[in-house]
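The structure is given below, and queries will be raised subsequently.
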There are 2 protein chains.
Amino acid sequence: MERQRERGFKLTPQRLAILEYLDGNRDHPAAEDIYHNVKKSFPTMSLATVYNTLEALKRRGEVVELTIDPERRHYDPNTEPHHHLICLRCKKIVDVHKEFRINIPPAQRQGFRITGNHIEFYGVCPECTRKGGVEMAVFKCESCGATKEGRCKPKKCPKCGETGTMSKQG
Amino acid sequence: MERQRERGFKLTPQRLAILEYLDGNRDHPAAEDIYHNVKKSFPTMSLATVYNTLEALKRRGEVVELTIDPERRHYDPNTEPHHHLICLRCKKIVDVHKEFRINIPPAQRQGFRITGNHIEFYGVCPECTRKGGVEMAVFKCESCGATKEGRCKPKKCPKCGETGTMSKQG
DNA sequence: ATAGCAGATAAGAATGGTTCTTGTCAAGAA
DNA sequence: TTCTTGACAAGAACCATTCTTATCTGCTAT
């Protein structure tokens with residue numbers, strides 16, 4: 001990811017913190033995820049700044065907005081064209097780094113000038129497949145103590161929004 | 001589309017009106033679109049009823065929810081697996097009725113059990129291509145009088161929400 | 001330097017699509 | 001009839017996102 005002060009994009013400490021969190025991140029975080037994580041090392045960070053920065057990065061093509069999840073938008077710092085695998089159980093999103101040569105015949109093209117495509121593969125991730133049947137577990141947040149029932153460990157606490165703090169309860 | 005009273009789904013007049021509006025509709029309407037149009041012939045219709053009905057139809061697999069547009073959810077009464085063409089200018093969504101044989105190699109599958117896929121083709125629709133350059137026009141709603149500037153005729157009035165009421169202003 | 005400008009920030013209000021709540025009502029069962 | 005169930009309308013609540021406002025900071029030209 002470019003980190004230069006150029007074309008009216010000022011690299012402020014806040015933006016740098018967001019860029020650093022995003023850099024190499026493969027979790028497709030939502031704005032709130034970014035906010036909560038960057039806030040740890042930058043307590044005065046505002047959610048509006050996260051949105052502003054994401055908007056600027058989007059315009060500069062340094063981040064891609066994913067509209068896979070109807071609840072919230074997710075952001076992908078990986079801007080090379082790629083596709084996504086979506087777990088229908090735990091809603092996890094993972095990248096697919098393979099080019100598929102899909103040529104849509106002119107008859108189906110309906111006059112459109114096609115410039116790109118994106119494939120969403122739906123399925124069940126290995127973790128959820130393993131927990132296969134109806135097996136349920138309770139997960140507790142180490143940070144705020146909230147609990148949640150589910151088949152897979154939630155990436156993010158549904159209460160306090162922290163990521164990576166949920167662990168399986170005996 | 002099935003129109004039978006079965007498995008706890010009561011075919012009330014409201015639901016019938018929604019089903020009739022949806023049946024054969026190729027415009028991928030949002031909940032608000034359905035609400036405004038059904039309201040014409042059913043003035044007491046509530047937006048909550050539209051959402052309830054869409055939820056019920058979704059659970060019964062009679063309608064598919066599209067999360068292509070980050071602004072609002074769109075509903076497609078065409079439940080056969082198909083793909084979509086999206087105009088990046090006017091945000092129009094049209095169906096692509098062709099099966100693409102995409103087999104994702106096990107190395108890329110990352111342990112997922114794949115059950116389906118959906119391809120979004122991005123491009124520019126024929127209407128927007130025609131208006132190619134920077135040409136802009138003003139469109140006025142015949143219903144509420146609101147005006148909007150743009151390259152293509154908006155399907156829906158941004159103010160009153162009626163569809164098909166926008167026409168080009170001299 | 002100093003003033004002035006442009007863009008960034010924090011805080012919180014506003015927006016708007018979706019969901020929830022409440023009270024009412026109609027249809028079918030007992 | 002009375003009970004139960006589900007649907008309805010109206011509006012409140014919710015929550016992700018956007019907007020507004022008032023600072024604040026770092027440039028630039030005077």
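Protein chains get the first letters and strands the later ones, always in sequence-line order, with residue 1 at the start of each. The figures here come from the full heavy-atom set of this structure, side chains too, leaving out hydrogens, waters and symmetry mates.
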Derivation and outcome, ring-ring contact (aromatic ring centres under 6.0 Å, His included), residues Y35(B) and F42(B):
CA-CA 10 Å; Y35(B) 174 61; F42(B) 215 121; over 10 Å; no
Calculate the interatomic distance between L47(A) atom CG and dA10(C) atom C1'; express it in whole Å.
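Going from L47(A) (CG) to dA10(C) (C1'), I get 11 Å.
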Could you work out which one of dG11(D), dA7(D), dT9(C) sits closest to the side chain of T12(B)?
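Shortest atom-to-atom distance from the side chain points to dA7(D).
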Closest contact, heavy atoms only, I86(B) versus F112(A)
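Result for this residue pair: C-CE2, 3.8 Å.
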What is the distance from NZ of K58(B) to C1' of dT18(C), rounded to the nearest Å?
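Those two atoms, NZ and C1', are 10 Å apart.
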Does Q14(B) or Y51(A) map to a spot on DNA chain D nearer the 5' end, using the closest nucleotide for each?
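Its nearest nucleotide lies further toward 5', so the answer is Q14(B).
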Rounding to an integer number of Å, can you tell me how far D69(A) CG sits from dG17(C) C1'?
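Distance, rounded to whole Å: 15 Å.
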Which nucleotide in the set dT9(C), dA8(C), dA9(D) lies at the smallest distance from any side-chain heavy atom of K10(A)?
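Of the options given, the side chain of K10(A) lies nearest dA8(C).
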d(CZ, R59(A); P, dT18(D)) in whole Å
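Computing the R59(A):CZ to dT18(D):P distance gives 12 Å.
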Could you check whether R73(A) makes a cation-pi contact with Y51(A), meaning its NZ or CZ is under 6.0 Å from the centre of the six-membered ring and within 45° of the ring axis?
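No, R73(A) does not sit over the ring of Y51(A).
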Atom pair distance, as rounded to whole Å: CZ in F42(A) and C1' in dA11(C):
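The answer, rounded to whole Å, is 16 Å.
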Nearest to the side chain of R72(A), which nucleotide is it out of dT19(C), dA8(C), dT17(D)?
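In terms of side-chain proximity for R72(A), the closest of dT19(C), dA8(C), dT17(D) is dT17(D).
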So, are R26(B) and D95(B) salt-bridged, with charged N and O less than 4.0 Å apart?
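Counted as a salt bridge, because a side-chain N and a carboxylate O are separated by less than 4.0 Å.
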For R73(B) and dT19(C), give me the distance from atom CZ to atom P, rounded to whole Å.
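R73(B) atom CZ is separated from dT19(C) atom P by 5 Å.
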Return the value, rounded to whole Å, for the distance between atom CD of E32(A) and atom P of dC14(D).
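Distance check: E32(A) CD to dC14(D) P gives 16 Å.
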Hey, which of these two, E71(B) or M45(B), hits DNA chain D nearer its 5' end, going by closest nucleotide?
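On the 5' side of the pair lies M45(B).
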To the nearest angstrom, how far is L16(B) atom CG from dA26(C) atom C1'?
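So the CG-C1' distance, L16(B) to dA26(C), works out to 17 Å.
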Nearest to the S46(A) side chain among dC20(C), dA10(C), dT17(D), which nucleotide is it?
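Minimum distance to the S46(A) side chain belongs to dA10(C).
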Out of dT18(C), dA7(D), dA8(C), which nucleotide sits closest to the side chain of R15(A)?
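Nucleotide nearest to R15(A)'s side chain: dA8(C).
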Scan E55(B) against the nucleic acid and name what it touches under 4.0 Å (heavy atoms): base, sugar-phosphate only, or nothing.
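If one applies the 4.0 Å heavy-atom cut-off, E55(B) turns out to touch nothing in the nucleic acid.
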When the ring planes of H83(B) and H118(B) are compared, do they come out parallel, tilted or perpendicular, using 30° and 60° as the limits?
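Rings of H83(B) and H118(B): parallel, as their planes differ by under 30°.
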